[in-house]
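Let me begin by presenting the structure, written as structure tokens, before commenting on it.
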Number of protein chains: 2
Amino acid sequence: MTRRPLTKPRKIAAQERSRATVDALVEATARILVEEGFDKTSTNRIAEVAGVSIGSLYQYFPGKEALVVAVADRHRQEIMQVIRGELEEVRAQPVKQAIRTLVATAVRAHRVDPRLHRVIAEQIPQVGELEDLEVFSRENYTLFRAYLESRRDELRVDDLELASFICVTSIEALTHNAVLHYPELFSDEAMEALIDEGACLVTGFLISR
Amino acid sequence: MTRRPLTKPRKIAAQERSRATVDALVEATARILVEEGFDKTSTNRIAEVAGVSIGSLYQYFPGKEALVVAVADRHRQEIMQVIRGELEEVRAQPVKQAIRTLVATAVRAHRVDPRLHRVIAEQIPQVGELEDLEVFSRENYTLFRAYLESRRDELRVDDLELASFICVTSIEALTHNAVLHYPELFSDEAMEALIDEGACLVTGFLISR
DNA sequence: ATAGAATATGAGCAATAACTCGTATTAACA
DNA sequence: TGTTAATACGAGTTATTGCTCATATTCTAT
């Protein structure tokens, strides 16, 4: 059987000093990922950039994978911060407006460190045991589905499972793709248009005309 | 300046024998990518699996990148085969039906070796100089845009640039995501539903009600 | 049949990777 | 202050990778 790389931290930093070490390592990993790419991200290099000895690195992380997971996780948390913050208002809004808010939020979320986002999205899946991003994606999906449930009678779709899948996937892809491949769409005016049309796409699909 | 890895074949195979060698190498690369992942895809391993000496590998390919590009390209061609085949009919059809055909085609295209498709989509972007996939994606985009142009007066959108981006991105993401993360959606009945709803999504967006 | 071109081989080198472990340093606390 | 636990260090081991090159085999064509 294949030796599957560990992805969990080796031990928890107890003292202040060591927490700084761990932070430096994670930060360095993120920087290297963004600036030099996944290949160049070796444990030796990480330690070097972090200004930490290679020995210390292995004291807290069992290997490269764990570092990368830590970076991805940190990024995920930052994004969820953004999302949850704006999700409160949505409940009170009428459906059409709510959808627009959701789309706008998706766009905003994608503006959190897009370069890191790109690396994580593109190069991380190869870190097999990374269910985290899966979970991440499902989280949005579930939240959205719950919202649809609460507005069921205003919608023209009946398979909410499928509808959620379609909406979340589309919007996620739209923003994601825009950030990664068409950054020109992220000028302020173009962004407004993107949000409008994205909202329109979903609205037209969900709401009985 | 950084030494950028070559991605073009080193020389063209002239005799039958060498063409077989090249084929074996590309095929082996594809198999390893699918079955063992990108990391395990080393030139040594490729040569081994192909039953070809490492020296021969370097006779035809300057490095790993070139092999991977060859695989991606082969896959792309296979898919374009599928797409172009069905694209003929579309011109004659009324818009609504045409859209459904296009969505159905996208789904079908994604059923060509989905496992390889996944690897290429997820792990290949890190092979920097791979504009091929970009080109690939833009090709669909352009084709679709041209189609919209021809039906302009039947549509409610006016920025066809943006509209194409939204439609192509959404449908691509839908099918892609379905294959990769929700294979249960690819049972035959579920697939029908997916096509219907996908078509509905785009139709509602494009066509004035 | 034979020369020369095309193709194939794989031992082996240089570079780099992941990772260990014995030792040194610092903090915590009695 | 002295003892112990926590933290940090980095030279060095082992494994792997990309890749070369001298040599061997096979094909083509005269």
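All heavy atoms count here, side chains included; hydrogens, waters and symmetry mates do not. Lettering follows sequence order; numbering is per chain, from 1.
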Is the phosphate of [N], meaning OP1 or OP2, less than 4.0 Å from a side-chain N or O of [X]?
{"X": "Y60(B)", "N": "dA8(C)", "answer": "yes"}
{"X": "S18(B)", "N": "dA6(C)", "answer": "no"}
{"X": "K64(B)", "N": "dT17(D)", "answer": "no"}
{"X": "T43(A)", "N": "dA18(C)", "answer": "yes"}

Under-3.5 Å N/O pairs linking protein and nucleotides 9-11 of chain C:
from, atom 1, to, atom 2, distance (Å)
dT9(C), OP2, S53(B), N, 2.9
dT9(C), OP2, S56(B), OG, 3.4
dG10(C), N7, S53(B), OG, 3.3
dG10(C), N7, G55(B), N, 3.4

Under the 3.5 angstrom rule, does the side chain of [X] hit a backbone N or O of [Y] as a donor-acceptor pair?
{"X": "T169(B)", "Y": "I166(B)", "answer": "no"}
{"X": "Y58(B)", "Y": "T43(B)", "answer": "no"}
{"X": "R118(A)", "Y": "L180(A)", "answer": "yes"}
{"X": "S56(A)", "Y": "V52(A)", "answer": "no"}

Rounded distance (Å) that lies between atom [atom2] of [N] and atom [atom1] of [X]:
{"X": "K40(B)", "N": "dG18(D)", "atom1": "NZ", "atom2": "P", "answer": "13 Å"}
{"X": "L25(A)", "N": "dC9(D)", "atom1": "CG", "atom2": "P", "answer": "10 Å"}
{"X": "R45(B)", "N": "dT17(D)", "atom1": "CZ", "atom2": "P", "answer": "10 Å"}

Legend entry - Shortest non-hydrogen separation from I171(B) to G198(B) and the atoms involved: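 Looking at all heavy atoms of both residues, the closest pair is CD1-O, 3.9 Å.
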
Legend entry - Atom of A28(B), atom of V49(B) and distance for their closest heavy-atom approach: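 It is CB-CG1, 3.8 Å.
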
Legend entry - Listed partners of H75(B) passing ring pair (Phe, Tyr, Trp, His ring centres under 6.0 Å), at least two apart: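 Testing H75(B) for ring pair (Phe, Tyr, Trp, His ring centres under 6.0 Å), a comparison that skips the adjacent residues, returns H117(B).
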
Legend entry - Partner set under ring pair (Phe, Tyr, Trp, His ring centres under 6.0 Å) for F144(B), not counting sequence neighbours: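 So F144(B) forms no ring pair (Phe, Tyr, Trp, His ring centres under 6.0 Å) with any residue.
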
Inset, instruction - Work out how much the helix from dA1(C)-dT30(D) to dT16(C)-dA15(D) bends between its end axes, five pairs an end, to the nearest 10 degrees. - result: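 What I find for the helix from dA1(C)-dT30(D) to dT16(C)-dA15(D) is an axis angle of 10°.
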
Legend entry - Aromatic contact, F165(A) with Y182(B) (centres under 6.0 Å):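 Yes - the distance between ring centres of F165(A) and Y182(B) falls below the 6.0 Å cut-off.
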
Under 3.5 Å, which donor-acceptor pairs do the side chains of residues 29-38 of chain B form with other protein atoms, sequence neighbours left out?
from, atom 1, to, atom 2, distance (Å)
T29(B), OG1, L25(B), O, 2.7
E36(B), OE1, R45(B), NE, 3.0
E36(B), OE2, R45(B), NE, 3.4
E36(B), OE2, R45(B), NH2, 2.8

Legend entry - Which residue lies more 5' along DNA chain C, comparing A20(B) with N44(B) via nearest heavy atoms: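 This one resolves to A20(B).
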
Legend entry - Rounded (10°) bend between the five-pair end axes of the helix from dA18(C)-dT13(D) to dA30(C)-dT1(D):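 Between the axes fitted at each end of the helix from dA18(C)-dT13(D) to dA30(C)-dT1(D) lies an angle of 10°.
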
